[in-house]
Amino acid sequence: MNGPPPSSFPAFDMSKSDRTDALTVVGLTVTYRIRGRDREVLQDVSFRVRRGEAYGLVGESGCGKSTVAMAALRYLPRNGKVKAGKVIIAGEDVQKLNADALRAMRANAISMVYQDPGRALNPSLTIARQVSEAFEATGLARDEALRRTLEMLRRVRIAEPARVMDSYPHQLSGGMQQRVVIAMALASNPALLILDEPTTGLDATVEAEVLDLIAQLREELGTAVLFISHNLAVIGRMCERVGVLYAGKLVEEGATQDVFARPRHPYTVGLLRCLPTTGRSKDTERLDTIAGSLPSPGSVTQGCLYAERCRLADDRCRRDAPPPYRVSAAHGDQMSRCHYHERAIELPRASAEALPKRGDTPVDGKPATRVLRAEKLSKTFHVSGGPLRAVDNVSIDLASGETLGLVGESGSGKTTLAKLMLGLLTPDAGSVLELDGTPLAARVTRRNDEQVKSLQIVFQNPDSALNRSHSVKRLIGRALSRLTALRGPAIDERLATLTAAVRLPERYLGSRTRQLSGGLKQRVAIARAFAGEPRVVVCDEPTSALDVSVQAAILNLLADLQRERGVSYVFISHDLHVVRYLSDRIAVLYLGRLLEIGPAAAVFSGPHHPYTEALLSSVPTLDAHASTARIRLSGDLPSAASPPSGCVFHTRCPRKLGAICEQQDPPFLDAGDTARPAAHRIRCHIPAAELRALQSASPDESANVSGDGSENT
């Protein structure tokens, strides 16, 4: 049943919230002073996080998620202020606290974990000094603080905590750094822990470990969690309730299971449909996208804020702002600011042409030809006087119009392998690289113009890849002049064709990159890579920093360009859902070795290498029917300077057989596809049939092993 307009709702019972809530936000409106005007970036936001509860905030970049956290901590920048509303933490009105009381609250009642642990830690101080300071801030003496530091590092499951205490941040992996930051945040046993994108950029296995750690500590300490993320699957796994922010307004809220199973706002529906979930691929369907972009901060909009991007909107939506309609759902009340919330789930999909079927003739009806070949490719660095083999005897090939996904943890050799293909690094003697059957010079400086323009790259971060002082037209035009023989008006004509191909509006050609959104910047980077009609494009984490809506648009664009131009991709990503959607084949790297390679469907459906199995089990999913059991790998990735004997994975393998794994390098065997011999290969001592039987066992039986083959506790 529809609820009354917002003015009819009873106000929060503040005396009750003091006893039951860790965080209460009531009518929060925040403004930023921009160019002499106060612009509202949050509008009348109200929600509560109960003690011991995890509450998720989701939405695109610029929707106000981090501003909510900054307002709660009273960390708003100088041009920001709370115009209206209240923030109450553990019964205290944050806005009324004096400086001493605010400092005491930050030290004892509330903590925050930021997205990038590398920037949150002081590079000039040891871990012991930084974590102990957090304990000293609660009033402990130095010696006691150091003792508690050791205990806390053990608690967050850091191996060899005494050694880590003497280390500096740069000597730790990203996952270890994040655990240290979490240890600092938990030093005061806070009533509220705010997590702002704490797993962005982490490997699937490290992300899963960090999430498990947060869940375990929350259960042990009873800490409430405000979890900010654009990863909806992570929110689905971690949070009991979720709020959806759009343009500074809370447009939907409810139990996470209810909101994700039956969203009642078109924006939430759109976000969920953007995800490359299980069973979807570029050959079967395009990802749905959300048209348009966020309104600029402080813009005055009549009616619904989302109307200009909504495929359900009509005159009523553009005229009347929707009140917060409330309905009863399976796990509690669900709120939606949509006049048509009852049929939001029926939102029409973005129109898309039927996709051509792809098989052995993916592009133009001709059999796919091999465009790139790497044989026994190796790369050894010399670090501190000793050899470090980052890529070890890898052999792969790439067909015309094909996407090869490269997956593995950080340090597995993915980016080094890509740089070897591009000629940015020189491979070891005996390595073979060929383009269209012709030997490819090891260094890009020794390749001819045709070879240089045939292999291009799209980097993870367009901000660091694009010159901020040049206009978009100059950036793309410069690539055209360097990679083609075009001159004068011909360049302008080709530039117009290229920008149309990457869906980059002409009005942005005169803009600098700092004036563009993340998605537009990445389109500029893609246009630059395609300037010379490349044969192969390396995509190194091209969507990891993007919102799900922008990510969907970029993935659709890459798939469209591949169909239209027959280009091949080497696609590197930590997000296995993204890899599965875009890739035809997948190669799994570990410590520089190729452990598995095969068609994407075969690699994902199994049998898989035990390492692949662990990676896949670590990926959070919104599929309620998917198994949630996870394979936990013991220890960290070994050093490539002193790799394990025998199978390089045996020190962490949950299915280790024994001495044979420690002493003998396993063979690279066919995984059992008799229709296409050698299409799917696995480097393991366990036969493929036995792997399939083991991995088909019940989730509990399959996952109840640790990295040394013993049972998990």
message: Applying salt bridge (charged side-chain N to carboxylate O under 4.0 Å, His left out) to D560 and R286, what does each step give before you reach the verdict?
response: CA-CA 9 Å; D560 290 345; R286 290 167 58 85; 2.6 Å; yes
query: Without hydrogens or angle criteria, can the side chains of E596 and H680 be said to hold a donor-acceptor pair below 3.5 Å?
result: yes
E375 atom CD: more than 12 heavy-atom contacts under 6.0 Å: yes
- request: Using modelled atom types only, decide if a donor and an acceptor are shared between the side chain of N467 and the backbone of S469 within a distance under 3.5 Å.
  value: yes
field: Enclosure of R119 CZ (heavy-atom neighbours >12, cutoff 6.0 Å)
entry: no
- prompt: Can you find a side-chain donor-acceptor pair between D203 and S410 that sits under 3.5 Å?
  reply: yes
- request: Give a yes-or-no answer on whether the side chains of Y114 and Q178 include a donor-acceptor pair shorter than 3.5 Å.
  value: no
message: Looking at R503, I'd like to know if its CZ atom is crowded, meaning that more than 12 non-hydrogen atoms belonging to other residues, nucleotides or ligands lie closer than 6.0 Å.
response: yes
- prompt: What do you reckon, are the aromatic ring centroids of F649 and H609 less than 6.0 Å apart?
  reply: yes
task: Please confirm whether R683 makes a cation-pi placement over F668, using NZ or CZ under 6.0 Å from the six-membered ring centre and within 45° of the ring normal.
output: yes
query: Are S229 and N231 linked by a side-chain donor-acceptor pair shorter than 3.5 Å?
result: no
query: Heavy atoms, side chains only, cut-off 4.5 Å: are L294 and C63 in contact?
result: yes
message: Tell me whether K521 at atom NZ has more than 12 heavy atoms from other residues, nucleotides or ligands lying less than 6.0 Å away.
response: yes
field: Check: S454 side chain, E450 main-chain N or O, donor-acceptor pair, under 3.5 Å
entry: yes
query: Do the side-chain N and O atoms of S618 and E207 include a donor-acceptor pair separated by under 3.5 angstrom?
result: no
query: Which residues pass the ring-ring contact (aromatic ring centres under 6.0 Å, His included) test with H608, sequence neighbours left out?
result: none
- prompt: Is atom CG of D492 surrounded by more than 12 heavy atoms (other residues, nucleotides or ligands) closer than 6.0 Å?
  reply: yes
- request: Determine whether more than 12 heavy atoms belonging to other residues, nucleotides or ligands lie under 6.0 Å from atom CZ of R443.
  value: yes
field: E60 side chain to Y267 side chain, donor-acceptor N/O pair below 3.5 angstrom
entry: yes
